[in-house]
Amino acid sequence: MKALTFSGGVHPSGEKELTCNQDVKVMPPPKMVVIPLLQHTGASCESLVQKGDKVKKGQKIGESRALITAPVHATISGGVKEVRLYNHPLGNKGLAVIIESDGFDQWADDIKRDDNFFRLLPQEIRDKVRDKGVVGLGGAAFPTSVKLTPPADKEINTIIINGCECEPYLTCDHRLLLENYREIIEGLKIIMRLLDVGKGIIAIEDNKLDAIKLLSAVIKMEPNIEVAIVKTKYPQGAEKQLIKALLGCEVPAGKLPFEVGVVVDNVGTAVAIYEALRDNKPLIERIITVTGSGIKEPQNIKVRIGTLFSDIVVFCGGLQGDIAKVIMGGPMMGIAQYTLDVPIIKGTSGILVLTAQDTFAVPAGPCIRCAKCIESCPMDLTPYLYGLYGRMQDYESMGKYDVADCIECGVCAYGCPAKIPLVQYAKWSKMEIAQAKKKKIEKKDKDIK
Amino acid sequence: MVPYIVSTSPHLKIRETISAVMRDVLIALIPAVAAAVYFFGRRALWVILISMASAIAAEFISEKIMKREVTVSDGSAAITGLLLAMVCPPGIPLWIIAIGAAVSIVLGKQVFGGLGYNPFNPALIGRAVLMASWPVAMTTWVTPFDAITTATPLAIAKFNLAQPLPSYWNLFIGNRAGSLGETSALALLLGAAYLLYKKQISWHLPVSFIAAVGLLSSIIGKDPLFNILAGGLILGAFFMATDMVTSPMTGQGKIIFGCGGGILTILIRYKGGFPEGVCYSILIFNMLTPLIDKYTRPQKFGVK
């Protein structure tokens, strides 16, 4: 079978052999967890607990009435030490519930296995997925219940389970494919039944031959599910690029995959959906890849949400070498941290520690119009213009050149010989444009009054 | 507190820098330099060295005067100097080439803001200025090896001079009169293959440029192979027109540039006053590059 792909993209060195051949280890629950109330794309939760409250593992501790949101749950049992602002891995600080362990790691009473979960009605499934705090585990952490609720006028015909893992260094999805393939397939079947879809695809990059072999063998008994091999190329796992590679159609600019009848979920999300329904288990832990030349014992670990980076680093043997960067996520889209005193959240796919030898800092030079950014941009944009207008802080022009369509995948800045921080300019201008829009609306409201 | 570096993603970058790009171009020009020295003697080497030295000095001095960061180490000035030498006659007085190189850098590049901002190929600006200022020195050609004054093959063909035309083989290996670095198609193609292999240039522009010259000359009943090999076309198409800063960015745009440049070259050669037209064709299309870029911008994902 020929590997499918999209046009554009780059081939950074994978660096996956650091961790891809080791079984996932379970990290014992930490003495303390810090659970941010905002861990997903959407509205922040409000705390349901106060200082001094006793909580059990799996108990809901944060909830919101907003449409696009997901509740958060206690990930260990113990006492609430504080509810306060704490370092947030997405930058700045955010309100978080700090729980100190009582050492018992006791489940909340209502969390019991339900072997009759397949009798649940569609709305009950959605409610449960929402109630158990399931969000996309690929990185963006979009609430899964929203993804499972397509608009009434859109007919869904394909479910794609994303096992590409195109980010270098990360191997947690690879291990999940090998170790939890049953749950992945069950999760996919639940989504297919829920949305009444007859076609499910599990997409895997061709650098994970063992996973392709295993999954292909397992799904022989499943007539509606296929394994699709996609080329190892970054950003193959980006939703729109994956749909293009598999189905040949483009999701219209500014629209969601619903538009072309597709729902894409990460392999980890499929497992989380299955566990939420069968075990009534909220999303309280996940597999992350702890890797990079700055980590003594790179490995994949199953870890409670809210565990601090510092505890994880200790569990993985500590740091080594001249540490330059600590990154939450992969090297292409991950977020650099200035401290280890920061918790992992639902969307954390890995902790990457780079040493001075891995990083490459030279000052940005002038654009020589080499066009590498245009050739590699998976959204077919002209990123060099973001550098040009960004330097002049001309956000309006950047908007005109479709900066809103930029998925911030980083291939432009990765390949730029002038080392211009194109993604930074793109992100910055999006923020400025959003702020300008807000101001305009506020001014209008004032004028009306 | 541990001072970790905080910066925006991506945290991985290719190691290649601007100077690495320039170094590849310099490497690609080595065979042509060797051919020039072989055919035109040590004199050619002097022209090249003076031109490069003058370009580098002009870059350094003008950046100092304009209080800009000194960027001679990126290698772009060296390339401009080398390319200018390659499009001048081997017998050019050394003081003229020195002026030409300085003009290339100052008027061709630094007045616009330095590398990346120049609308025209700086080396060709230098050549155009020298052509207008010292036309005799710029059109005095010599034969290879013995340096006897003669005419270029294109001039022989254009003005029906009573001289024999060189054979295709001699045109191909470079055993003919012409600009210092343009004569040996063989050496230039070797360098071009290196640039293509290193992905510093794409096939679009040079292939369409050369194809347009070949096609149009056969349409008007002239010898296409002669037109491809005789002048500065191979040098221009692979090393001048492909200058990233002054040529279109998309494949489509590059093909438009190449075809247009090829057509213009033949028009100048057969309808204009000069026997050769590659230099001016490229300069004219440099001027049109922003326009071409504007109309060949890729259509974004999701609107096709």
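Proteins get letters first, then strands, A, B, ... in listed order; numbering begins at 1 in each.
Side-chain rings of B:Phe257 and B:Phe285 approach one another, their centers coming within less than 6.0 Å.
A salt bridge does not link B:Lys199 with B:Glu16: every distance from a Lys NZ or Arg NE/NH1/NH2 to an Asp or Glu carboxylate oxygen is 4.0 Å or more.
Chain B forms the most heavy-atom pairs under 4.5 Å with one residue out of A:Gly330, A:Gly8, A:Cys416, A:Gly334, and that residue is A:Gly334. Per-residue counts of heavy-atom pairs under 4.5 Å with chain B were compared for A:Ala324, A:Ala371, A:Cys409; the largest is that of A:Ala324. Ranked by non-hydrogen atom pairs under 4.5 Å with chain B, the options A:Val423, A:Asp402, A:Thr382 are led by A:Asp402. When each of A:Lys427, A:Gln337, A:Lys419 is scored by its heavy-atom pairs under 4.5 Å with chain B, the top score falls to A:Lys419. Here A:Met332 is the residue among A:Lys372, A:Glu408, A:Met332 with the most heavy-atom pairs under 4.5 Å with chain B.
Looking at heavy atoms from C-beta onward, A:Phe309 lies in side-chain contact with A:Val326 at the 4.5 angstrom threshold. Under the 4.5 Å side-chain criterion, counting only non-hydrogen atoms from C-beta, A:Met398 is not in contact with A:Trp428.
Only the backbone of B:Ser247 comes within less than 4.5 Å of a heavy atom of chain A; no side-chain atom from C-beta onward does. At a 4.5 Å heavy-atom cutoff, the contact between B:Val245 and chain A is made by backbone and side-chain atoms alike. In this structure, the portion of B:Thr289 lying under 4.5 Å from any heavy atom of chain A is its side chain and not its backbone. In this structure, chain B has heavy atoms under 4.5 Å from both the backbone and the side chain of A:Lys240. For A:Glu259, no part lies under 4.5 angstrom from a heavy atom of chain B. If you measure heavy-atom distances from A:Pro168 to chain B, the contacts under 4.5 Å come from the side chain alone. Both the backbone and the side chain of A:Leu340 have a heavy atom closer than 4.5 Å to some heavy atom of chain B. Only the backbone of A:Cys367 comes within less than 4.5 Å of a heavy atom in chain B; its side chain stays farther off. Residue A:Pro421 does not touch chain B at all, counting heavy-atom pairs closer than 4.5 Å. Neither the backbone nor the side chain of B:Asp74 comes within contact range of chain A; no heavy atom of the residue lies under 4.5 Å from a heavy atom of that chain. For A:Asp358, the part lying near chain B is the backbone, with the side chain staying farther off; criterion is any non-hydrogen pair under 4.5 Å. For a residue to count as touching a neighbouring chain, one of its non-hydrogen atoms must lie under 4.5 Å from one of that chain's; by this rule A:Ile243 does not touch chain B. Looking at A:Tyr384, the atoms closer than 4.5 Å to chain B (heavy atoms on both sides) all sit in the side chain, from C-beta outward. Contacts of A:Ile368 with chain B are made by both backbone and side-chain atoms, with heavy-atom separations under 4.5 Å. Proximity to chain A is limited to the side chain of B:Gln200, based on heavy atoms less than 4.5 angstrom apart.
Of the N and O atoms on the side chains of A:Thr289 and A:Lys16, not one donor lies less than 3.5 Å from an acceptor on the other residue. The closest side-chain donor-acceptor pair between B:Thr250 and B:Gln252, if any, does not fall under 3.5 angstrom. Side chains of B:Thr71 and B:Glu63: a donor-acceptor N/O pair is present below 3.5 angstrom, by distance only. At a cut-off of 3.5 Å, with distance as the only test, a side-chain donor of A:Gln236 or A:Thr5 sits close to an acceptor on the other residue.
For B:Trp203 against B:Leu196, the heavy-atom pair with the smallest separation is N-CD2, 3.7 Å. A:Leu308 and A:Pro343 make their closest contact through CD2-N, 3.7 Å (heavy atoms, listed as atom of the first residue, atom of the second, distance). Contact record, A:Ser429 with A:Val403: OG-CG2, 3.5 Å, taken as the closest heavy-atom pair.
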Report the C-alpha distance between A:Cys377 and A:Cys412 in whole Å, list the side-chain angles of each, state the deciding distance to 0.1 Å, and finish with yes or no for side chain to side chain contact (heavy atoms under 4.5 Å, CB included).
-> CA-CA 6 Å; A:Cys377 179; A:Cys412 52; 5.9 Å; no

